[in-house]
Amino acid sequence: MARFELKLPKMGESVAEATITNWLKEVGDKIEADEAVLEIATDKVDSEVPSEVSGILVEQLFGKDDLVQVGQTIAIIETEDGALVPIVKEAVAPEGIAEVTKMVNPEASGSNESVATPVDLSSDYSESEKFLSPLVKNIAKEEGVSVAELAAISGTGKEGRVTKNDILEYVKNRTSQPAIAVPVAAVQKPVAVPTAQKAAPVSVSGGDEIIEMDRMRKLIAGYMVASVQTSAHVQSFIEVDVTNIVKWREKNKVAFEKREGEKLTYTPIFMEAVAKAIKDFPGMNISVDGDYIIKKKNINLGMAASLPNGNLIVPVIKNADQLNLVGMAKAVNDLGGRAKAGKLKPDDTQGGTYTVTNVGTFGSVFGTPILNQPQVGILALGAIRKMPAVIETPEGDFIGIRQKMFLSHSYDHRVVDGALGGSFVKRVAEYLEAFDVNRDV
């Protein structure tokens, strides 16, 4: 029998860690090669970790809600054959932590005397309302830091998380202070410390249903509020005549699907126009980092997609300006399909430089979308509607039925002024209105 280390796989250049949300296999379960063992979540997307081998799950090295770094071993699988894989456990006590003396001598001091020792009020870190990584928990346990003390530490990590440096700094300052004198009897007897529980809202009428937000909805809520607080949102709107696009698609969609095996929607046509406009106005393909502007080399278009559970996700079409219409259609359908099926990988949502959202799917004429930070622009596509319009011809003007829609452009007024924001969306409209109705598929 050989033992195989299942590690957290690399999930993209910008993804360094993930949270375990659910174990699909328990210790003792048989696992087939490529079968999912657990579910993980990054700050953007949920996914599964499959096994590379067949065997029996003999050890889970992390629990639910633990934060795991890419490359860390998360489980041990016992296989029937193959070479023995050495298991190297990480040291839980990092170097540089000051050693704390925790000695109580009843014989020397007597049962009623006080001794100098830190008080471990509680070591059940699962009761903590804060998210704590396994490393932070281990350091806290080794140094006798209680749940109450951890709750008082101001974390410098993402979303206020307590990092390794935070806990080490706390331990360093704490051990430099005089020890607390407590009776020996108090040290020998565990002290129960009540943890603060967030009270759930109560229905006044008794007929309301109260539902806690799921993890993704909480993340979305945090992102949206942070975006509004970060950027100075401003909008520009423009009406577009897309009659030629509608006619062309109706004429070619059946042949396109038969030849390519892909449905031809309006989205890839709009994405193609946006990518062209970004090349014309590279000032929209930037991000902001403090007082610095970062000009992005690649044009990576995010496309907002609605999930079956009502949540939203933004997969990214990488190097969108390099794709022809067929390639764009395949990319849109692939990402949209995998988003609905919950099969997106963490790297699929990383690296976006500009985002497009189709509010017209739900019948909205236009909208005012919130920026997907740290991007500085997002375009909302309104519903296509038949409208009476003035048509200019060499013989004069007349009224006709045209297919029209609104483009709503939200942009960050800290770095994008009205001239750039308005010119960009106008260029997108020009590309759409100039669409060649005789274009080859």
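For reference, positions follow the sequence shown, starting with 1.
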Would Ile378 and Ile370 count as a side chain to side chain contact (heavy atoms under 4.5 Å, CB included) if you check the C-alpha gap in whole Å, the side-chain angles of each, and the deciding distance to 0.1 Å? CA-CA 7 Å; Ile378 180 171; Ile370 296 174; over 6 Å; no

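- Heavy-atom minimum distance, Leu307 versus Ile313: CD2-CG2, 3.8 Å.
- How far CD of Glu5 is from CD of Gln72: 11.0 Å, rounded to the nearest 0.5 Å.
- Here the closest heavy-atom approach between residue Trp23 and residue Leu38 is recorded as CE3-CB, 3.8 Å.
- The nearest pair of heavy atoms linking Gly63 to Ile20 is O-CB, 3.7 Å.
- Of the N and O atoms on the side chains of Ser408 and Gln235, not one donor lies less than 3.5 Å from an acceptor on the other residue.
- Look at Glu39 and Arg215 and you find no salt bridge, because none of the NZ, NE, NH1 or NH2 atoms lies under 4.0 Å from a carboxylate O.
- Side chain of Thr19 to backbone of Asp65: no donor-acceptor contact under 3.5 angstrom is found.
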Given the rule in the side chain to side chain contact (heavy atoms under 4.5 Å, CB included) test, do Leu6 and Ile74 qualify, once you have shown the distances and angles that lead to the verdict? CA-CA 6 Å; Leu6 178 64; Ile74 49 182; 4.2 Å; yes

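- Few gaps surround CD on Glu250; more than 12 heavy atoms of other groups in view lie less than 6.0 Å from it.
- Atom-to-atom distance recorded for Gln69:CD and Glu17:CD is 5.0 Å, nearest 0.5 angstrom.
- No donor-acceptor pair closer than 3.5 Å links the side chain of Arg3 to the backbone N or O of Ile76.
- The environment of Lys218 atom NZ is dense: over 12 non-hydrogen atoms of other residues, nucleotides or ligands sit within 6.0 angstrom.
- Pairs of residues two or more places apart, or lying in two chains, never qualify as side-chain hydrogen bond (donor to acceptor under 3.5 Å, both in side chains) while including a residue from residues 287-308.
- With hydrogens and angles ignored, the 3.5 Å screen pairs no side-chain donor or acceptor of Thr353 with any backbone N or O of Ile299.
- With hydrogens and angles left out, the side-chain atoms of Glu35 and Ser51 include no donor and acceptor closer than 3.5 Å.
- When atom types are taken as modelled, the side chain of Ser227 and the backbone of Leu371 share a donor-acceptor pair closer than 3.5 angstrom.
- One distance of note links CE of Met303 with OG1 of Thr267; it measures 6.5 Å at 0.5 Å rounding.
- To the nearest 0.5 angstrom, Tyr266 atom OH is 12.0 Å from Leu432 atom CG.
- One finds the CE atom of Met271 at 9.0 Å from the CG atom of Asn358 (value rounded to the nearest 0.5 Å).
- Residue Phe435 qualifies as enclosed at atom CZ: its count of foreign heavy atoms under 6.0 Å is above 12.
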Can you give me every donor-acceptor pair (side chain of residues 321-341, partner residue at least two apart or in another chain, under 3.5 Å) with its distance?
unit_1: Asn324; atom_1: OD1; unit_2: Val326; atom_2: N; d: 3.3
unit_1: Asn324; atom_1: OD1; unit_2: Gly327; atom_2: N; d: 2.7
unit_1: Lys330; atom_1: NZ; unit_2: Glu260; atom_2: O; d: 3.4
unit_1: Asn333; atom_1: ND2; unit_2: Glu262; atom_2: OE1; d: 2.9
unit_1: Asn333; atom_1: ND2; unit_2: Lys263; atom_2: O; d: 3.0
unit_1: Asn333; atom_1: ND2; unit_2: Ala329; atom_2: O; d: 3.3
unit_1: Asp334; atom_1: OD1; unit_2: Arg338; atom_2: NE; d: 3.2
unit_1: Asp334; atom_1: OD2; unit_2: Arg338; atom_2: NE; d: 3.4
unit_1: Asp334; atom_1: OD2; unit_2: Arg338; atom_2: NH2; d: 3.1
unit_1: Arg338; atom_1: NH1; unit_2: Asp348; atom_2: OD2; d: 2.6
unit_1: Arg338; atom_1: NH2; unit_2: Asp348; atom_2: OD2; d: 3.4

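- Looking at Asp347 and Lys345, no side-chain N of the basic residue comes within less than 4.0 Å of a carboxylate O on the acidic one, giving no salt bridge.
- Checking side-chain atoms of Gln375 against main-chain N and O of Thr355 turns up a donor-acceptor pair under 3.5 Å.
- For Lys25, the NZ atom sits in a packed shell: over 12 heavy atoms of surrounding residues, nucleotides or ligands are nearer than 6.0 Å.
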Could you go step by step and tell me if Glu26 and Gln60 meet the side chain to side chain contact (heavy atoms under 4.5 Å, CB included) rule? CA-CA 8 Å; Glu26 299 298 331; Gln60 296 174 347; 3.5 Å; yes

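- No donor-acceptor distance shorter than 3.5 angstrom exists from the side chain of Ser231 to the backbone of Val228, with no hydrogens or angles considered.
- Across every non-hydrogen atom of Val416 and Gly283, the tightest pair is CG2-O, 4.4 Å.
- Ring orientation note: the planes of Phe424 and His409 are tilted relative to one another, at an angle of 30° to 60°.
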Can you list the steps and then say if Val359 with Phe366 is a side chain to side chain contact (heavy atoms under 4.5 Å, CB included)? CA-CA 7 Å; Val359 299; Phe366 54 81; 5.8 Å; no

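- Taken to the nearest 0.5 Å, the CG atom of Asn311 stands 4.5 Å off from the CG atom of Asp214.
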